[in-house]
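Here is the structure we will look at, set down as structure tokens.
As the structure lists them, so they are numbered: ligands from 1, and atoms in each ligand from 1. As the structure is a prediction and not an experimental result, all values here were calculated from the model.
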Amino acid sequence: MENEIKRLLGTIVHPETGENLVSGGMVEHLAATADKATVVLRFARARDPFATKIKKQAETVLSEAFPQLEILVVIKEGGQPPRPEPKQTTTTGSIARVIAVASGKGGVGKSTVTANLAIALRNMGFRVGILDADIYGPSQPKMFGVEGYLPDAVQEEGQDRIVPAEALDVKLMSIGFFIKPTDALLWRGAMAVNALKQMIHQTRWGTLDFLLTDLPPGTGDIHLSIIGELKIDAAVIVSTPQQVAVADVVRGVEMFRNPNVNIPIAGIVENMAWFTPEELPDNRYYLFGKGGARKFAEENDVDFLGEIPIVQSIMEGSEAGRPAVGIDPRVEKWYREIAVRIVEKAMKNG
Ligand code: ADP
């Protein structure tokens, strides 16, 4: 009977992953007696929007096949993914992997990608922090709706610690907490770097699987200083189709590959790859040409991590302080694919 139950569960497909419950490894436990069948389904992410629907489907097919049995389908959420081994022990906790998110130019969506990747990784069950080091335009506080946050300094074991903001299970420290938008220009250079050093070493991060760093756009001395402090494990480069042909992206690749820097490039994300209007969700308009980032990736021996279209929910999510991955299932799917690739690489580089 258990084989038959398994076969039936194998006919139910998770709409987002496209995997059935058996092949997707979601059946954690299965037991049947003469009068009762119990199935435990494990959903990898907490608050999976399809959990209830899938539970009902499982109950229906099983009660139809075995009307004599009492059917019990139990849902468990938030499966523990294999975590990267802690590598860096900071004075305030341990951070397993530091991923830098970089771009050749501003305005290509580097901060948006950072915020959404953080939520995608969180949804996969990882403990995530963001260090917003974009001194020219720190936008993470807005993306997470914590703009007014004033970091507290606390004394712990005789040391000063800075308490990060926390929103949507993500720990966030931003240079934006320390400067007014109007000051930004003054903060370029040594001052900003010193402030960043403090943020890197004194923030009470606790234990993180991933710390994503939103770097300033471009390449320069500030980048080298941050990179020198942070022990970055992998870099993700964000570009739009329009910008990918421009020399800045190549300079970014060269910066990470410079023998003195020597940071593995996880790959390139093409943001704003196409436009899909709300009212015509199946139409794709490649406003700035198609396949540019893929070609760039091939020519420069960089991996292509995936593409994200221009969609309204992404822009609105950033404005509203809730990254779209947490709200729009389409966006979550695009980002999850990219996040999975990054995790694979980060684990390998460990
Ligand atoms: P950067 O960090 O590279 O300067 P941002 O992440 O701040 O760029 O993005 C610039 C603007 O573009 C923001 O208003 C953001 O909401 C918007 N944006 C970024 N990516 C997308 C996207 N895929 N779809 C719609 N709007 C986007």
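Distance check, rounded to the nearest 0.5 Å: CD of Q198 to CZ of F178 gives 8.0 Å.
A donor and an acceptor atom, one from each side chain of N271 and T240, are nowhere located under 3.5 Å apart. No side-chain N or O of Q243 forms a donor-acceptor pair with one of S239 less than 3.5 Å apart. Side-chain atoms of D160 and Q202 include no donor-acceptor pair closer than 3.5 Å.
Taking a cut-off of under 4.0 Å to the non-hydrogen atoms of M272, the atoms of ligand 1 that pass are 12 (O), 18 (N), 19 (C), 20 (N). The S318 neighbourhood of ligand 1 comprises atoms 16 (O), with distances under 4.0 Å to a heavy atom of that residue. Within ligand 1, counting atoms from 1 as listed, the ones closer than 4.0 Å to a heavy atom of G106 are 4 (O). When each atom of ligand 1 is checked for a heavy atom of V311 under 4.0 Å away, the hits are 24 (N), 25 (C).
If you check each of D214, T112, V108 against atom 5 (P) of ligand 1, the one with the closest non-hydrogen atom is T112. Among K110, M143, Q140, the residue whose heavy atom sits closest to atom 7 (O) of ligand 1 is M143.
The protein heavy-atom contact nearest to atom 8 (O) of ligand 1 is G109 N, 3.0 Å. Nearest protein neighbour of atom 4 (O) of ligand 1, counting heavy atoms only, is G107 N, 2.7 Å. The nearest protein atom to atom 23 (N) of ligand 1, hydrogens excluded, is given as P309 O, 2.8 Å; this is a heavy-atom distance. The shortest contact between atom 21 (C) of ligand 1 and any protein heavy atom is with I314 CG2, 3.6 Å.
Put simply, no part of G137 is less than 4.0 Å from ligand 1, judged by heavy atoms.
Judged by distance alone, with hydrogens and angles left aside, the side-chain atoms of R97 form no donor-acceptor pair with the main-chain N or O of L211 at under 3.5 Å.
Using cut-offs of 30° and 60° on the angle between ring planes, the pair F50 and H14 is perpendicular.
Under a cut-off of 6.0 angstrom, the local environment of CD in E298 is sparse, with at most 12 non-hydrogen atoms contributed by other residues, nucleotides or ligands.
Protein heavy atoms come within 4.0 Å of atom 25 (C) of ligand 1. Protein heavy atoms are absent from the 4.0 Å sphere centred on atom 13 (C) of ligand 1.
The side chain to side chain contact (heavy atoms under 4.5 Å, CB included) with I175 is formed by just one residue from the set I135, L131, D134; it is I135.
Between R336 and E16 there is a salt bridge, since a side-chain N of the basic residue sits under 4.0 Å from a carboxylate O of the acidic one.
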